[in-house]
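Input: a single structure, listed below in structure tokens.
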Protein chains: 2
Amino acid sequence: MANTRLHTGFSRQQVVNITGLTARQLNYWRRTEVIKPSATTQGGHARYSFTDLIALKTVKQLLDHGVSLQKIRKSILALLQYLPLQQQPFSELKVIATGDVVLVFHQGMALDALTGQEWILEVAELEKEIVQQYPDTLQLVVEQDDLFEPNITNIDRKAI
Amino acid sequence: MANTRLHTGFSRQQVVNITGLTARQLNYWRRTEVIKPSATTQGGHARYSFTDLIALKTVKQLLDHGVSLQKIRKSILALLQYLPLQQQPFSELKVIATGDVVLVFHQGMALDALTGQEWILEVAELEKEIVQQYPDTLQLVVEQDDLFEPNITNIDRKAI
DNA sequence: ACGTGACAAAAATACCACTTTTTTGTAGCA
DNA sequence: TGCTACAAAAAAGTGGTATTTTTGTCACGT
């Protein structure tokens, strides 16, 4: 079975085995347009592509890490505006997420998939800025920093 | 004034000019332990180090991008558990944030500064996983994928 | 110029009940 | 096997209100 003909796509059960998602979830997602199979048999059965698998696995991991399906929905929508040519946004990007947001890396930028807002904060850049602004202090600063002992800042936990 | 003596640290007013923060904020942060000056004069006046400036600028940027001070507080606390030797967590890391989270990059890992939870989701890894699980389908998959829309983007994410 | 304290406004958060979404189960059917 | 439909449980989102945090402004002392 592994070499006779063209692969027509993964069946639902195969996807269940591979991804760990439930059949019910796949059906629901298909119906509600989270991730639809790239192809459908004449009988109406789902056929998932390899790319679909990646996307499904990504969504699964996001869920497992506490990102809700509703946020994943929004993320997919937001990403589609940036990648209009793509059908499965999550299948070709590097994704970082926490329970609150989904960040996607694209062309060296961090993109908040929920809002579309994109930015990276480079501390190294700040250093340049400051030195540029106060060029006189550069040399002095280098010496000066050695004066400070590596004491640890304590944070008042009640203040939070 | 640029070369006579050792630099003893930036005064509050200097920090105001450099960072754009208000004196009120610096005082409050000093009192509530967000970021304290690394040194204090005998008269009790603040003296901020260059490292402090970086941290302050970082916090300023986070604020400007919608991260609340309270979340910044939590982030600092979480980071201190990972970087106990450091006094100003925000001064030596690359930070990415949205209105909801603060991610810090450290040793190739993405770290949620709010929760301390760390993880990166690498889509490329998922691909390997799947192929590993279904080695038979590898060749077939390659053919099969050509049936679908051509894949576009490969992400080059900046080294972290 | 700097720090402190007091008062008040603005911003963010926490907590509550309420609504919607998502998941899951079951059963029928191709 | 796989899809659909109906139903119920679980999870997440929404909106209003109280509470806390943050910031601005002013006065006073050093």
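Note on naming: letters A, B, ... go to the chains in the order of the sequence lines (proteins, then strands), and numbering restarts at 1 for each one.
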side-chain contact (heavy atoms from CB on, under 4.5 Å) between A:T40 and A:R47: does it pass, once the steps are laid out? CA-CA 5 Å; A:T40 304; A:R47 285 296 175 266; over 6 Å; no
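- Residues that satisfy the side-chain contact (heavy atoms from CB on, under 4.5 Å) test with B:R31, not counting sequence neighbours, are B:Y28.
- A straight line from CZ of B:F10 to C1' of C:dC2 spans 18 Å, rounded to a whole angstrom.
- Look at B:R12 and you won't find any side-chain N or O under 4.0 angstrom from OP1 or OP2 of C:dA1.
- In this structure, B:N27 atom CG and D:dC26 atom C1' are separated by 14 Å, rounded to whole Å.
- No side-chain donor-acceptor contact under 3.5 Å links B:R73 and B:S68.
- B:A23 comes within 4.0 angstrom of nothing in the nucleic acid, heavy atoms only.
- Hydrophobic cluster membership is shared by A:I35 and A:L80, with clusters built from Ile, Leu, Val, Met, Phe, Trp and Tyr side chains linked at under 4.5 angstrom.
- Whole-Å rounding puts the A:H45 NE2 to D:dG2 P distance at 8 Å.
- Rounded to the nearest 0.5 angstrom, B:R12 CZ and B:N27 CG are separated by 4.5 Å.
- Going from atom CH2 of B:W29 over to atom CD1 of B:I72 covers 6.5 Å, rounded to the nearest 0.5 Å.
- Distance A:N17 CG to D:dG2 C1': 14 Å, rounded to the nearest Å.
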Protein-proximity profile, nucleotides 12-26 of chain C, B/S/- by nucleotide at the 4.0 Å heavy-atom cutoff, equals SS-------SBBBBB
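- In the helix from C:dA1-D:dT30 to C:dA30-D:dT1, the terminal helix axes, each the rotation mapping four pairs' C1' atoms onto the next four within five end pairs, subtend 60°, rounded to 10°.
- B:K60 contributes atom NZ, which lies 11.0 Å from atom CG of B:L56 (distance to the nearest 0.5 angstrom).
- Side chain of A:Q25 to backbone of A:T22: a donor-acceptor contact under 3.5 angstrom is found.
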